[in-house]
Every structure is written in structure tokens, then in C-alpha cells.
There are 2 protein chains.
Amino acid sequence: MKIVRDDGPMDQLIRALASLPGLGPRSARRIALHLLSRRDSGLRQLSHALEIAEKEIRSCAICGNLDAADPCRICAAAERRRDQICIVAGVSDLWAIERTGAYRGQYHILGGLLSALDGVRPDNLRIQPLLERLRGHEGVEVIMALSATVDGQATAHYIADRLKGGNIKISRLAHGIPVGGDLDYLDDGTIATALKSRA
Amino acid sequence: MKIVRDDGPMDQLIRALASLPGLGPRSARRIALHLLSRRDSGLRQLSHALEIAEKEIRSCAICGNLDAADPCRICAAAERRRDQICIVAGVSDLWAIERTGAYRGQYHILGGLLSALDGVRPDNLRIQPLLERLRGHEGVEVIMALSATVDGQATAHYIADRLKGGNIKISRLAHGIPVGGDLDYLDDGTIATALKSRA
């Protein structure tokens, strides 16, 4: 789709914006005009934030979280429990769990999920670093916080298999009815699982 | 809403993204992670496009269009008609008309619409530059391409009033049924206008 007649800086800006997830040509055009009409508060502020982010944000060598510090603030926090490691697929999952405020342990970010379809194999994920991290740490609880999808469950199963034998407790997020969820709208699989895991 | 625990560069980036039109905290987080996980193709490309846009894109002194050239490519184009000036509220309207390929004249961007509610008065818009631009240009057709809203029609009326007396032809975009529009779903006002302007 031809967005503007020329292929100048405006077109480049719109194309860069339109390639972001969730944005199309129409929203990219709207954002480009917004940025250019508010140069100080819009364009320069975003430009500055991107520059700082590129310079300062890196992956934590321990857990894989993105932070300006390495080790990240979660790994470095003295008040957090060291005997719980929560395995998540990505940083957005870590953020989601942190927002609940219900977890005060460590994390380990896999960087994705095993997937036969997408060709993601164990060495594409941060599984080896996890095994090394757990070596010699007896009595640690590993909490699998992976999606309840085929890929998520296959990944959890694979990791659990690799951890067998060590003195490591493995747990999973409970499956069941979402809080506020209406039974009538839930799929059969969720209801059946909730029934089986009833407490 | 607290997006991440710290107020570091990640939080700043997410806040800058979340302030863009059409984006909220959730999509801003998603975009921030996308950018940081693809530094070369994502973050640096956007950063570069913003930098170039800030340096090169400016308002055309004649029509108010945003372009890397001043006068803009439309004002400078030798093959475009000089006896038609299309009045639009903003650059996005100019783009919308250009995408049709149906217009080969000049533009004049007002930079908004008169609005009693929002306190936009004639001197807040590029109306005086329009009058100066038209001075001495007899026989020019001015095409009002303003929204069919109260503000749009008030602005068109005001400009038409100011242009009275000169040898200037004033026309408006036709009102009627949108192409592909279903009569059943159209409002009464549009149908009544379409009936009155039937041809």
C-alpha cells in the first residue's frame, strides 16, 4: 500500500511505526502526525526514551529479565526468596506475575516455548542455563508458569524431565476457572480440569 | 497504573509509547518488548526514522503540508494545476485526498477547524495566509474539503464569507451516500441531503 507519494523521511517514519505489533498504516500515519505536531513533548521524548533504552537496558545474565541493572533488580533484591524459581516464557509473563504482587521469589526466562511447528528446540531456549543455575541448589522449588497450550505444556514436561533425580520440587500454576469467569462461557476443557482439581 | 516496579529506562519507554494516540499501557508494553528484542531491525530503525524526521520534516511555507522540502513537493510540482486550491483541516485530510489520485491541484492546510467549544478562533488557523495567498489570483477555484460537522461547516462558511467580492469560485465536496453505503444504515440527515442534491 502506497502511504504517501514520496519515499522521504515521512514515509520512512510511517513504515517504521507500521511495523510495530498492533499498528497498521492508518494508526502509523496518525501517530506520525501526532509526533510531528508535538515535537518537544512527542517526538523528542520518544526519541530520547528509545536512545536511553538502547544504551541502558540489557538482559540479566542470571534470569534473562530486561533491566537497566545486571543482575536485574529482581535477582539482586535481598528481600526476595531464593528457594523459589518461577519459569516463564518471556518478560511480559514476568511482568504479569509481578503486577499481582503475589510472588516474592526468583524468575527464569526461557525466551520462548518449545515448538515443533516453529522449529524451536531445547537449545534455542535458556534451558541449559536453568540446569546450571539449579546445579547444587538442592531443595529449590521450580514453579512452571507456562501457558496452558500444547507448546507450554510440552515445554513444562521437557524441563520437568530434565530436572528429575535432583532434589527439586516442581509445581505448576493451577488450572481452573478464571476469577470472575462465567461457567456458561468457559470451554469444556477448563471446566473438566477445574472439576478434577477441585479442592 | 504501575507498569513495572522501577522507574527506570523501561518505564520511561513504556510511558512515552503509551502516550501515543491509540496506544494504552498494554500495547505500549508489547511494543517496548518487541523493540528491545529486535534491536537492529526494531529499536534502531525507529530511532533513526525519528531522528531524520525531526531534522528534515518541516511545514511548507505556502500550504502548510509536512514534507522534507519547502515548498513541499505538491506546491513545487510543475504538472499540478495552479487554479485550484483545496482547503483541508489537516495533513491527514490532504493524504486522504492524495490517495484517491482524483485531484491534481494545490492545497491549503488550515491547521484545525473553528470551534467555539475548543476556543479555536480565526487567528488560530491559517486563514490569513490563505487570504494573502489568494490576493491577486483571480479566477481561482477554492474547494472546501472540510468535515461535514458543525465545526467544519462553520469554518467553510467563515472562509467563504471572507472570500466574497473577489473573483473566486467556491465549491464544496458533495454530500451524499458513501460509495458502497447501505441506505438502511445511513442516518436521516445524509439521506435527506442526498435526495436534495440528486442529479
Toward chain A, the part of B:Arg39 with a non-hydrogen atom under 4.5 Å: side chain

Atom group of B:Ile31 that falls short of 4.5 Å from chain A, counting heavy atoms: both

Interface residue of largest heavy-atom contact number with chain B, from A:Ala32, A:Pro21, A:Ala53, under 4.5 Å: A:Pro21

Interface moiety of B:Leu36 toward chain A, non-hydrogen atoms closer than 4.5 Å: side chain

Heavy-atom closest contact (B:Ala16 atom, A:Ala49 atom, distance): CB-CB, 4.1 Å

Cluster overlap B:Leu125 with B:Ile62, hydrophobic side-chain contacts below 4.5 Å: no

Transitive ILVMFWY side-chain link A:Leu23 to B:Leu13, under 4.5 Å: yes

Within 6.0 Å of CZ in A:Arg121, more than 12 heavy atoms from elsewhere: no

Top of A:Arg30, A:Glu54, A:Lys55 for chain B proximity - count of heavy-atom pairs under 4.5 angstrom: A:Glu54

Residue selection (most heavy-atom pairs with chain B, distance under 4.5 Å) from A:Leu43, A:Leu66, A:Ile52: A:Leu43

Stepwise side-chain contact (heavy atoms from CB on, under 4.5 Å) test for A:Leu20 and B:Leu46: CA-CA 9 Å; A:Leu20 299 178; B:Leu46 179 58; 4.3 Å; yes

Which portion of A:Ile57 sits near chain B, non-hydrogen atoms under 4.5 angstrom: both

Enclosure of B:His157 NE2 (heavy-atom neighbours >12, cutoff 6.0 Å): no

Nearest-0.5 Å distance that lies between atom CE in A:Met10 and atom CG in B:Asn65: 7.5 Å

Interface moiety of B:Ser47 toward chain A, non-hydrogen atoms closer than 4.5 Å: both

CG/B:Asp188: more than 12 non-hydrogen atoms of other groups inside 6.0 Å: no

Residues, nucleotides or ligands: over 12 heavy atoms within 6.0 Å of A:His137 NE2: no

Per-residue contact mode, A:Ser92 against chain B (heavy atom under 4.5 angstrom): both

Heavy-atom pairs under 4.5 Å with chain B, option from A:Arg38, A:Gln45, A:His48, A:Arg44 with the top count: A:Arg44

Inter-residue atom distance B:Gln12.CD - A:Glu56.CD, 0.5 Å rounding: 8.5 Å

Hydrophobic cluster identity match, A:Leu113 and A:Val120, side-chain contacts under 4.5 Å: yes

Heavy-atom proximity to chain A below 4.5 Å, by part of B:Arg26: neither

Co-membership, hydrophobic cluster, residues B:Leu146 and B:Leu163, 4.5 Å side-chain: yes

A:Ile159 reachable from A:Leu131 in the ILVMFWY side-chain graph, under 4.5 Å edges: yes

Which atoms of A:Leu94 approach chain B - backbone, side chain, both or neither, heavy atom under 4.5 Å: neither

